[in-house]
Amino acid sequence: MKRKITVLLITVMALSVFSACTKKDEPASAGDQQIEFEYKGEICSAVKDAFLTEINASQDIEEVASKLTELKEYNEVSMLTMPVEEGFLNGFDGEITGFNKGVMFSPAIGTIPFVGYVFETDDPDALLTALNSQANLNWNLCTTADEKLGTIVDNYVMFVMAPLSFE
Amino acid sequence: MTNRKSVMAFSAILIIVFHLGVDIFAGNGLENFIRQTAFVGVDMFFFLSGLSLGQRPLTDIRAFLGNRLVNVYLKFFVFALIALFYKGWKIQRFVMTVTGVELFTKGGGAFLWFLPAIMILYLIYPIYDRGYEKNSKATITGTVVLWVAIAVVVTIFTDYKALFIFFNRLPVFFLAFYLGKNNVMDRLNDDRRLKLATGGILTIAGAILMYNFGFMNKLQTPVYNSFYILALPMALGLCILVSFVPENRLIRLIGSATLEIYAVQMVFGYRITNWIYMTTKQPLLTNILAIVIVIAIGCGFNRIFTMIIRRFFRGFSLKV
């Protein structure tokens, strides 16, 4: 009986090796096809509109990110900005690389399910593909963002994960 | 466990830090690490639950379940009712919450997920305890095999992740139950130096594991959200170390109101913390005031619940 249980246990543990082969979206090659983001919330929509306006007015991504923290759609939730470097970033399962400069904008309270980034990069398509494939809406464990959105303007990428609205 | 209320109070504060903490030094690695791994307070609660159940023989299943229904589920139901009106939920969400369905669909995103999760454990526990009393080795082996099989099969063949926030806490619960049954913690208490060394080593080893696999890069193999399992040493180590802190009146007050404190932070905590931060723009002051206010409101709710339970549910011990 003990031997049977041992064999069963070893078999199950061996099967776990295959878990390394779980389905994971492979990032598309740069320029393969445009990533289409489906979003319906007011937050993503407002952030995108604001980014498109601000990035055309200024190429200083810290200034742009700062403007993106001032939207009325945040319903007075306090927001902060912080420069980021290549590596593990909030909201993503793997390391994010391929950008020259990056700024994160997010609520002061870390577990509110919102995080956004503005990046300056030499290859915006590849970066956006990587961001989209690595994004984890449940990065905060106890709260979940509802949707994600990324957009490119020249060599600048904006990526955001947000709830449909801030209650 | 000695000074159990100290451990409970510490765990409750850790969880407030995790949910409502505002960065004091933006970008500081140590601060980020502490705040983002403070979820280990949940593992500490699972440990305390398992330990407590292991240490006390289960003589009356109906009384046990009745006690849990009143002291856990009833409070959960009341807070869900409060959220229904305060947060403007649809009735559908309220029903999904109180029936536990939301736990299975949203996992950690479910309203007060810990409460329906621990209720499920309390419902399963009498079966486990009966099996353990009859044949402890077979029960332990069978549980481990079943747990591994389910975790691996779900990970390999599905994309379902929601319940792993709870499922991966089962090892710490059942380990604690085993330690409780075998009076391991009592024996550890007899040797303070050994206890201190054990707690210290586990905490340091656990912190290293958490830094590498439970912080920015959260381990997802061999099963989904495996990093929760790796939180076990840190949870155990912190429980042991904090049990050195002697209880006092304040600690007992906080330690008795941990359920209400958890609920208050999830219902009102974000609004309270945000308001304080907007008003003061001082992150350290915000954190301190948010913790104090959430605890105070939680203790207030606890007082009310205690009066109601004593009046209308006499006979149900308040020991959880």
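Side-chain atoms are counted along with the backbone in the values below, which use heavy atoms only and exclude waters and symmetry mates. In what follows, every chain begins at residue 1, and chains take the letters A, B, ... in the order their sequences are listed.
- In terms of heavy-atom pairs under 4.5 Å with chain A, the best-connected choice from B:Trp113, B:Phe215, B:Phe18 is B:Phe18.
- The number of heavy atoms from other shown groups lying within 6.0 Å of NZ (A:Lys67) does not exceed 12.
- Residue A:Phe37 places its CZ atom among more than 12 non-hydrogen atoms of other residues, nucleotides or ligands, all under 6.0 Å distant.
- Proximity to chain B is limited to the backbone of A:Asn140, based on heavy atoms less than 4.5 angstrom apart.
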Before you tell me yes or no, could you show the steps for B:Tyr270 and A:Val77 under side chain to side chain contact (heavy atoms under 4.5 Å, CB included), namely the whole-Å CA-CA distance, both residues' side-chain angles and the distance that decides it to 0.1 Å?
CA-CA 9 Å; B:Tyr270 290 102; A:Val77 170; over 6 Å; no

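- Taking a 6.0 Å sphere around OH of B:Tyr178, one finds it holds 12 or fewer heavy atoms contributed by other residues, nucleotides or ligands.
- Atom CD of A:Glu70 has more than 12 neighbouring heavy atoms from other residues, nucleotides or ligands inside a 6.0 Å radius.
- Note that the OG atom of A:Ser106 and the CG atom of B:Asp23 stand 8.0 Å from one another [nearest 0.5 Å].
- For the atom pair OG1 of B:Thr286 and CD1 of A:Ile109, the computed distance is 8.5 Å after rounding to the nearest 0.5 Å.
- Looking only at side-chain heavy atoms (C-beta outward), A:Glu95 and B:Asn217 stay at 4.5 Å or farther from each other.
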The test is side chain to side chain contact (heavy atoms under 4.5 Å, CB included); show your working for B:Phe227 and A:Leu141 and say whether it passes.
CA-CA 11 Å; B:Phe227 66 92; A:Leu141 306 182; 3.5 Å; yes

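- The two residues B:Met278 and A:Glu76 come nearest to each other via the heavy atoms SD-O, 2.9 Å.
- With a threshold of 4.5 angstrom between heavy atoms, A:Leu80 approaches chain B through side-chain atoms but not through N, CA, C or O.
- Heavy-atom contacts from other residues, nucleotides or ligands closer than 6.0 Å to CH2 of B:Trp147 number more than 12.
- Enclosure of atom OH in B:Tyr160 by more than 12 non-hydrogen atoms of other residues, nucleotides or ligands within 6.0 angstrom is indicated.
- The CE atom of B:Met266 lies 6.0 Å from the SG atom of A:Cys142; values are rounded to the nearest 0.5 Å.
- Exactly one residue among A:Thr111, A:Thr143, A:Ile112 makes a side-chain contact (heavy atoms from CB on, under 4.5 Å) with B:His19. That residue is A:Thr111.
- Between the CG atom of B:Asn32 and the CE atom of A:Met82 there is a distance of 6.0 Å, given to the nearest 0.5 Å.
- Taking CZ of A:Phe88 as the start and NZ of B:Lys218 as the end, the distance is 10.5 Å to the nearest 0.5 Å.
- Proximity to chain A is limited to the side chain of B:Phe39, based on heavy atoms less than 4.5 angstrom apart.
- Taken from NZ in B:Lys161 to CG in A:Asn138, the straight-line distance is 8.5 Å, to the nearest 0.5 Å.
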